[in-house]
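Taking it in order: structure first as structure tokens, then the write-up.
Naming: A, B, ... by sequence-line order, numbering from 1 per chain. Heavy atoms only: backbone and side chains are in, while hydrogens, waters and symmetry mates are out. Quantities reported herein were computed from a predicted structural model and do not represent experimental measurements.
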Number of protein chains: 2
Amino acid sequence: MIRGYCVDVTEAERPNRPRRPTLADVAARAGVSVALVSIVMRGVPGASADSRRRVMEAADELGYRPDSRARLLRSSNSRLIGVTFGVQHPFHGDLLTGLYTAAEEAGYELALSAVTPGRDEGRAVASLLQDRCEALILLGPHSPTSYLAELTTRLPVVVVARAVRHRALDVVRTADALGMHQAVDHLVALGHSRIAHIDGGRAPGTAERRRGYREALDRHGLADTAVVLPGGLTEDDGATAARALLALRQRPTAVTVFNDRCATGVLDVLHGAGLSVPRDMSVIGFDDDRLARLSHIALTTVAQDTEQLTAQAVARAVGRLDGTTAAEREVVIPPHLVVRATTGAPMQAFAETI
Amino acid sequence: MIRGYCVDVTEAERPNRPRRPTLADVAARAGVSVALVSIVMRGVPGASADSRRRVMEAADELGYRPDSRARLLRSSNSRLIGVTFGVQHPFHGDLLTGLYTAAEEAGYELALSAVTPGRDEGRAVASLLQDRCEALILLGPHSPTSYLAELTTRLPVVVVARAVRHRALDVVRTADALGMHQAVDHLVALGHSRIAHIDGGRAPGTAERRRGYREALDRHGLADTAVVLPGGLTEDDGATAARALLALRQRPTAVTVFNDRCATGVLDVLHGAGLSVPRDMSVIGFDDDRLARLSHIALTTVAQDTEQLTAQAVARAVGRLDGTTAAEREVVIPPHLVVRATTGAPMQAFAETI
DNA sequence: ATGAAAGCGCTAACAG
DNA sequence: CTGTTAGCGCTTTCAT
């Protein structure tokens, strides 16, 4: 059937929105075949400069936009990577930013699916699967490893920012322990010898960061001074932990905290108790989120390298799809310490140097 | 990308991922036609209980998942609503949560497209358009109204959380002015008579909230005491404004702030200056984001009704699609005041009552 | 360089 | 209730 351009108005009554133009419309207008238009639209070689121009012109006039659904349906590979993220987690926002650029460079598109209080990870993943994603990147997933592992039988899965050990799962994460080494080394270099740690409760990464803290103290011969206080990932958790910190018999002069949000709570309580930071207490966070960068907080913190994290995550996903399978399943990205205003020499050490 | 040592594996030896099953596969396995399978999978009437069971069984065994692209391509209506959101804005996360449930109830799916520092709104919208969304919901868009208006010639557009006036645009927003009335009324009831306001700089909603502040003061006969300090949406903006506040000749006893993040910065500076909140200064924020709810902040704030906001946004979009066109283009949702710990009677008033 | 034609996986008439 | 059939808009041989 020859369908003219967008002139056929069948339903007369409703203010009918014009049907969006298709390849055929553009072809008709440019006086060429649909195949040729397809070639031009994809920017692949196989069309003369002249028809290329004519087609582009026609497409422009019609306001033509390729239909990605149809395109994807036809071509075997969708060049689509599915991403799940938590709406509650600001850090995931930073990761999304990096993922978009990394995916674009690799010639892939992203399909987003949010995990919300009313929409669990399973549903988020299911919708991605329906969209024919070729691979999945899961940001801080909390599903059981067994479920994630099962997913890999369907498509490549890359887990970001959560340490899971499974032979079928790719993991891209920050070297949490190393980050704590950097934090402790910095404090020791400043002259601190009584350094406490506030951990992350049940959050992923807690164990690893705590281990890093202990290792670092050990290396400095300070193992017996280690104090680990229960914490969590919120400001409130930090506030609670800070009170415990202040109640300690022999008060530390510095504290490393599981993350920046928690550290903010700590700072708050310290200030409230009339202590000065860093004079009376040095504080180091983890993540370098927007909170830490605020000038009036100026938190010294261990910064996760989101650019590397996201670039590697996409590289992994694409690698699996290409079949250029890397042997190593886990990519660990070193973080780096960002020194701001919440760390300094301890009062005693300062006194001694005078 | 580190593709190093891995030799390129040829098609043949690559562990070939099984092609995902199609309707035809399920049909073959169940011994019925594809049409019947389609009927069963969509859950529409027109199949016997027996074949329904057989088909479901076959689908299950094959791990069949309908291909939404193909499905959408075929049916004229995609039942897809596109949503753009800012990855920097925590409040958008809350809105997404509501949108998902509202869309589901209306029988629509959501297609998400993020606006990031490296991906502007235009691109976010373009990708949604390619995905054949039937309508667009834009969260706090910052594109010029002319661009948004032009979009409506292609499909219905609902703007959330930004006040734009245009006859072709649906807008769902909070009654910002009313919210400020509530805030000011609350402070006046507590006995405050010198109330300042810190505005939102160039952020959407700034003018409206400032207007509300002025109106409310006026109604209480306090118009001549109005003080508006330039602010913004970040903690730093709040900190800066707070310093200006403290430097004021005749210091106010209370301040309403453009949003919670900004208010947090204000609180911080106040505490740093040795002031006690609310004894020396009452503070009210706007948004009721997670920040405000933290126990050690406990910010009194004007809460936006995200549930209503999102429900109305979806209702609007669907309404335009249905042709059940509402006359009114703007839906304004009343917010409500959440009183926490940062507001109280002013010291002077308290002294007088004794 | 260009065009004709065959589907991708699915839905929606229309028969039976 | 079930099957047949014709496309949705696009890519992709395979001719010309």
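- With sequence neighbours excluded, the residues satisfying salt bridge (Lys or Arg N to Asp or Glu O under 4.0 Å) with B:Arg329 are B:Asp170.
- The nearest whole Å value for the distance from the CZ atom in B:Arg69 to the C1' atom in C:dC8 is 13 Å.
- Take B:Leu136 and apply the side-chain contact (heavy atoms from CB on, under 4.5 Å) test, not counting sequence neighbours, and it matches B:Val125, B:Leu128, B:Leu129, B:Cys133, B:Leu138, B:Leu151, B:Leu155, B:Val157.
- Residues passing the salt bridge (Lys or Arg N to Asp or Glu O under 4.0 Å) test with B:Glu57, sequence neighbours excluded: B:Arg53.
- Applying the salt bridge (Lys or Arg N to Asp or Glu O under 4.0 Å) rule to B:Glu104 yields the partners A:Arg123; only residues at least two apart in sequence or on another chain are considered.
- Where the helix from C:dA1-D:dT16 to C:dG16-D:dC1 starts and where it ends, the local axes point in directions that differ by 40°; five pairs per end, rounded to 10°.
- Here B:Asp50 pairs with B:Arg54 in a salt bridge; the nearest charged N to carboxylate O distance falls below 4.0 Å.
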Give every pair of a protein N or O atom and an N or O atom of nucleotides 10-14 of chain C that lie under 3.5 Å apart, one pair per line with the distance.
{"from": "C:dC10", "atom 1": "OP1", "to": "B:Tyr64", "atom 2": "OH", "distance (Å)": "2.4"}
{"from": "C:dC10", "atom 1": "OP1", "to": "B:Asp67", "atom 2": "N", "distance (Å)": "3.2"}
{"from": "C:dC10", "atom 1": "OP2", "to": "B:Leu23", "atom 2": "N", "distance (Å)": "2.4"}
{"from": "C:dT11", "atom 1": "OP1", "to": "B:Arg71", "atom 2": "NE", "distance (Å)": "2.5"}
{"from": "C:dT11", "atom 1": "OP1", "to": "B:Arg71", "atom 2": "NH2", "distance (Å)": "3.3"}
{"from": "C:dT11", "atom 1": "OP2", "to": "B:Ser38", "atom 2": "OG", "distance (Å)": "2.8"}
{"from": "C:dT11", "atom 1": "O2", "to": "B:Arg74", "atom 2": "NE", "distance (Å)": "3.4"}
{"from": "C:dT11", "atom 1": "O2", "to": "B:Arg74", "atom 2": "NH1", "distance (Å)": "3.2"}
{"from": "C:dA12", "atom 1": "OP2", "to": "B:Arg42", "atom 2": "NH1", "distance (Å)": "2.6"}

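- Qualifying side-chain contact (heavy atoms from CB on, under 4.5 Å) partners for A:Pro144, counting only residues two or more places apart in sequence or in other chains: A:Ser146, A:Tyr147.
- Residues passing the ring-ring contact (aromatic ring centres under 6.0 Å, His included) test with A:Phe85, sequence neighbours excluded: B:Phe85.
- Residues meeting the salt bridge (Lys or Arg N to Asp or Glu O under 4.0 Å) test with B:Glu330, sequence neighbours left out: B:Arg165, B:Arg173.
- Contacts between residues 48-56 of chain B and DNA chain C, defined by a heavy-atom separation under 4.0 Å, are absent.
- Summarising the geometry, the separation between CG on B:Leu73 and P on D:dC8 is reported as 9 Å, rounded to the nearest angstrom.
- Here A:Glu109 pairs with A:Leu80 under the side-chain contact (heavy atoms from CB on, under 4.5 Å) rule; sequence neighbours left out.
- Rounded to an integer number of Å, the gap from B:Leu80 CG to D:dC8 P is 20 Å.
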Give every donor-acceptor pair under 3.5 Å between a side-chain atom in residues 31-38 of chain A and any protein atom, sequence neighbours left out.
{"from": "A:Ser33", "atom 1": "OG", "to": "A:Leu36", "atom 2": "N", "distance (Å)": "3.3"}
{"from": "A:Ser38", "atom 1": "OG", "to": "A:Arg42", "atom 2": "NE", "distance (Å)": "3.2"}
{"from": "A:Ser38", "atom 1": "OG", "to": "A:Arg42", "atom 2": "NH2", "distance (Å)": "3.1"}

